[in-house]
Amino acid sequence: MKIEFIPLDYESFDFNDKNFVRIIGRNEKGKRICLVDSIDAYFWVILKEGLSKSKIEEIQKKIENIRVEKPGRKTHVEKTSVFNKNYMGKEVKAIKVFITNYKDAHDVADKIDYSEVDKRRAYDIPIVTKYIMDKKLCPLNWYEIEGEIEANDLDVDLCLRVDKIKNIGMREFTPKILAYDIEASEFEAENGEILMISLYGTDYKKVLTWKRCSKKQDFVECFKSEEEMIEKFVKYVKEYSPDLLVGYFSDGFDLPYIKIRAEANKIKLNLGLDNKQPSFSRGRIVSGKIAGIVHVDIYRFIETAYSQYMQSETLSLDDVANELLGNKKKKFDFSKLGKMKEDDWNEFFEYNLHDSYLTFSLAEKIWPDISEFSKIIQEPIFDVTRDGMSSNVENHILHNLERFNEIPEKRPIHDEIEKRRAMPKYEGAFVFQPIPGIYENITFFDFTSMYSSVIVSYNLSLSTYSTEKEKEFLEVDLGKEGKAHFSKNKGFFSIILEEIIEKRKKCKKEYNEKPSPILKARSNAYKLLANASYGYLGFFGARYYCRPAAASVAALARKSIIDTIEKIKNKGHRVIYSDTDSIAFLYDDKKEVLAMLKDINERLPGIMELDLEDFYKRGIFVLKKTKDKGEQTGAKKKYALIDEKGKMKIKGFETVRRDWCTLVRELQSKVLEIILMEGNEKKALELVKESIKKLKERKIEKEKIMIRTQLKKPLSEYKSITPHVIAGQKLKEKGVPIKIGMLVEYFISETRERKALVREKVKLPDEKGEYNIDYYLNNQLIPSVENILDVFGVKIQDVADGSSQKKLF
DNA sequence: GCGGCGCTTATACC
DNA sequence: ACCGGTATAAGCGCCGC
């Protein structure tokens, strides 16, 4: 029989000792379909150069006799055949070794340690990835599948055993999404119980609870017990039959919580289409997988794909929903949990439902991104929503190697990883030493995707790298580290990256002509992939790790930017700043600037391209806050600009740092605005004086003096007990669970006795106490504005009242 | 008890 | 452990006096 099919979820399984893959997706009518397909279980044995035909045949025979026994499974080599392949861009003779079960590939490969064998490869690729690589049944593409109906015990409309796969291209697909969210009595599932579970889908909203029945809210369903509630949750999910079950932080909280509570209630959480429970796996952070339904933790995808371009200071559902949807969480006062009245419960149900609603809306909003990631990288939705960018880069390469007839490199293991991690840092970007001051009429140039374009233009990668000086090779001077050499024959890494950049350009152009969320998402996915490629080269866990290549990228980028600075200087411009891929200089004629840009571009190698970032009306650079008063220099990575439309761009200043209090951030931002907009430092000074006065009169609102700092590790692991660690300890004493990554909020209070350390004055927001005038004046307010005003020769310390001056007796 | 300096820590820039 | 290096700055930790 023949059907049309779009793959959504993949899972491998064994049958009669052999590997199979089960793919869940939809057909053109929206029916849920299951495919079962076999897997070619094989790996590669790369032979040393110059072996005779008979020698190779002898090795094949030896390999064909290998047997491996594992508990409950026997694997043997089923057949071998010899191919001309490429490895690291070079032609090799390689034996393709087919075995009974791919899980034993490593063990079989270990036995092939003959002297004629150079390398063994492709035994360490996840089965589903390998399946997609070989059969090209890629996620979210449409296929015409021919196959026989297969008996199954899955909750699907049809199951086929695959005979033929034919790609019939891309078509739009809107997945059925169901969002869920739980509220619990305690953070730890071991001590708590689930109070309610909300579900939100298209024309679908429910809150399941066993706590209090509401007659006012038609979406609330009340059950006798937690057990019954969980059972109904499973039933409802199955009835809704979503393609995607989405939560926010659900890998870390909701799904494991429900699993633990199901166990405590001695019931099965059989959410899977195979009626099995979710499984939790994959490394450092657990991932909850449900068979046949793609469980997506929106938080994790946002973290890798969105966070670097987001303004939000945290990735909480509240902040993220606010930024991406313009909708916030509902308010609920958790302190009243112990003494809830009916209205409080109704409020709580609303709150819980709204979280699912936000999660659902976020899922709909970011679906184009998830979908484009999955299609471009060719990994399942489950994986691309959880993998980091290094895995994404690597998987994208793996899925493109076949075109180069290339055998994949192995993944590094313990010793190799340790070796790589022990390597010293190589020299990175160039940052120009700015001279403090206020500047007018500034141009910013920047290189478009500089590091990626350096990789492509100079062909830098593992497969093109050589330690030795060879003919026709590019030599890169790495200073103290010696020299690196790179072939001029294009390597697959550069070619793949160049394609990424090209495709990005193409869809960005298309997007500008005819905007659509899909095109934007596609362009963004290519951009992220390109931007992560350089980091990938220097990442210790990478298959195609190449430290000399990464160091060469940085070295050539430095050379490029320094040469360009020279060119701009030679044209008579004063260069005032530069960081990595951008150059700022003063101008008086835009036409001349553009002509110079054109001229520079004509001489740049390969795909390297210098772009006009913008013209700015005014900009300010400040001094570094050095302790020794001897040599004062300008601060790098700290400046503010205003463009011709009056839009400010603030970099590095306290204003953009979330670990400074709002008082300081707002004041500094206003000071910068007055100075850049009006060039009026006297007015700015007046504002500062006013603020100081208000501060001294204790008229500053409490929320403006709160300091928020992230806890980046468990409290016990801090070697230095800083104020935010004390705040964390105080929270813990109060019974608030301390989670890595959480922001702790505190303020610095007055103390009865004179205390030397800041941490001795730390108080939580709800603790009684006045803010410490001396601290907020001398450690917060003054430091944030003194170097800005100093540019105008104004010494704020002289302005501030003598009694509160820093260290003045 | 205090000054100085190195270290730890968080966060930003690109 | 889950992309790289460069940079600022605060506040502790600890030494010496």
Side-chain angles (χ1 to χ4, degrees), chain A residues 282-285 300 303-304 308 313 386-394 411-412 414 417-418 420-421 423-434 446-447 449-451 528-542 544-545 547 549-551 553-555 557-558 561 577-582 613 622-628 633-639 649-660 707-713 717-726 741 743-744 748 754 756-762 775 778-780 783-784 787 807 809:
Chain A
R282 293 164 67 96
R284 198 169 53 99
I285 306 162
R300 293 189 64 179
E303 198 179 25
T304 49
Q308 63 176 127
E313 286 180 3
R386 288 170 175 81
D387 285 341
M389 281 314 292
S390 69
S391 296
N392 286 333
V393 169
E394 186 157 286
R411 185 188 275 161
H414 0 279
I417 289 178
E418 286 315 306
R420 292 178 183 184
R421 294 192 61 201
M423 290 297 274
K425 277 188 173 182
Y426 55 84
E427 190 181 345
F430 166 74
V431 188
F432 188 95
Q433 177 70 66
D446 64 6
F447 281 93
S449 326
M450 190 185 214
Y451 282 21
L528 287 169
L529 223 43
N531 286 350
S533 295
Y534 157 70
Y536 175 83
L537 280 179
F539 169 51
F540 55 78
Y544 294 102
Y545 169 83
R547 187 178 176 279
V553 175
R558 278 198 306 276
I561 202 95
Y577 191 60
S578 166
D579 185 348
T580 312
D581 59 356
S582 69
E613 199 260 332
V622 300
L623 277 174
K624 192 158 59 167
K625 293 181 199 166
T626 41
K627 271 162 200 166
D628 69 294
T633 52
K636 296 173 177 178
K637 301 190 187 283
K638 213 169 170 184
Y639 58 92
K649 189 180 254 185
I650 300 177
K651 297 286 172 186
F653 278 109
E654 283 79 355
T655 300
V656 297
R657 293 183 60 96
R658 69 167 179 201
D659 56 347
W660 283 75
I707 297 165
R708 298 197 303 162
T709 312
Q710 192 180 32
L711 281 169
K712 304 194 84 145
K713 51 189 171 188
E717 281 177 26
Y718 280 92
K719 286 183 198 161
S720 181
I721 308 303
T722 49
H724 85 293
V725 176
I726 298 293
L743 280 185
V744 288
I748 305 305
R754 233 181 97 81
L757 299 176
V758 176
R759 68 165 175 229
E760 293 169 315
K761 305 170 204 169
V762 166
Y775 176 82
N778 290 317
N779 295 41
Q780 293 271 331
S784 75
N787 284 352
K807 314 282 175 319
F809 307 102

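In what follows, chains carry the letters A, B, and so on, assigned in the order in which the sequence lines appear, proteins first and then strands, with residues in each chain numbered from 1. Because only heavy atoms are used, hydrogens play no part in the values below, and waters and symmetry mates are left out as well, while side chains stay in.
- For C:dA10, the OP1/OP2 oxygens have no side-chain nitrogen or oxygen of A:Tyr775 closer than 4.0 Å.
- Remark: side-chain polar atoms of A:His724 are not paired, donor with acceptor, to backbone N or O of A:Leu711 under 3.5 angstrom.
- In this structure, A:Lys425 reaches the bases: a heavy-atom distance under 4.0 Å links it to at least one base atom across the strands shown.
- Taking atom CD of residue A:Glu313 and atom P of nucleotide B:dA10, one finds them 16 Å apart after rounding to whole Å.
- Along DNA chain C, the nucleotide nearest A:Phe430 and the nucleotide nearest A:Asn531 are compared for position; the residue whose nucleotide lies closer to the 5' end is A:Asn531.
- The side chain of A:Lys638 lies closest to C:dA9 when the candidates are C:dA9, C:dG13, C:dC3.
- The distance from atom CE of A:Met423 to atom P of C:dG4 is 14 Å, rounded to the nearest whole Å.
- Using a 4.0 Å heavy-atom cutoff across all strands shown, A:Glu654 reaches no nucleic acid atom at all.
- Shortest non-hydrogen contact noted between A:Phe653 and A:Lys638 is CD2-CE, 3.7 Å.
- Residue-level contact check: A:Leu537 touches neither bases nor backbone, having no heavy atom under 4.0 Å from any strand.
- By the 6.0 Å contact criterion, NZ on A:Lys713 is enclosed, its count of non-hydrogen atoms from other residues, nucleotides or ligands being greater than 12.
- At a threshold of 4.0 angstrom between heavy atoms, the contacts of A:Phe447 with the nucleic acid are absent.
- For A:His724 and B:dT9, the shortest distance from a side-chain N or O to OP1 or OP2 is not below 4.0 Å.
- Nucleotide B:dA12 holds its C1' atom 13 Å from the CD atom of A:Gln710, rounded to whole Å.
- The side chain of A:Lys637 places no N or O atom within less than 4.0 Å of a non-bridging phosphate oxygen (OP1 or OP2) of B:dA12.
- Nucleic acid contact for A:Gly428: sugar-phosphate only, since backbone atoms but no base atoms lie under 4.0 Å from a heavy atom of the residue.
- Atom CD in A:Glu760 sits roughly 16 Å away from atom C1' in C:dA10 (whole-Å rounding).
- Not one side-chain nitrogen or oxygen of A:Lys636 sits closer than 4.0 Å to the OP1 or OP2 atom of B:dC13.
- Heavy atoms of A:Phe432 sit nowhere under 4.0 angstrom from any nucleic acid atom.
- The side chain of A:Lys713 contributes no N or O atom lying less than 4.0 Å from OP1 or OP2 of B:dA10.
- Of the possible polar contacts, none joining the A:Arg411 side chain to the A:Gly541 backbone as a donor-acceptor pair under 3.5 Å is found.
- Of the two residues contacting DNA chain C, namely A:Trp660 and A:Arg421, the nearest-nucleotide position lying further toward the 5' end is that of A:Arg421.
- For the pair A:Gln308 CD and C:dC3 C1', the interatomic distance rounds to 10 Å; values are reported in whole Å.
- Remark: the A:Arg657 side chain and the B:dT11 base include a donor-acceptor N/O pair separated by less than 3.5 Å.
- Taking atom CZ on A:Arg558 and atom P on C:dG4, their separation rounds to 17 Å, with Å as the unit.
- At a threshold of 4.0 angstrom between heavy atoms, the contacts of A:Tyr426 are confined to the sugar-phosphate backbone, with no base atom among them.
- With hydrogens and angles ignored, the 3.5 Å screen pairs a side-chain donor or acceptor of A:Arg558 with a backbone N or O of A:Glu427.
- Computed from coordinates, the A:Arg708 CZ to C:dA10 C1' distance equals 18 Å when rounded to whole Å.
- Among the heavy atoms of the strands lying under 4.0 Å from A:Ala532 is at least one base atom, whether or not backbone atoms are also near.
- Atoms OH (A:Tyr718) and C1' (C:dG13) sit 17 Å apart, rounded to a whole Å.
- The shortest distance between the side-chain N/O atoms of A:Asn779 and the OP1/OP2 oxygens of C:dG11 is below 4.0 Å.
- Among the protein residues, A:Gly652 comes within range of the sugar-phosphate backbone only, with heavy atoms under 4.0 Å from sugar or phosphate atoms but none that close to a base.
- Considering every non-hydrogen atom in both A:Lys636 and A:Pro434, the closest pair reads CG-CD, 3.9 Å.
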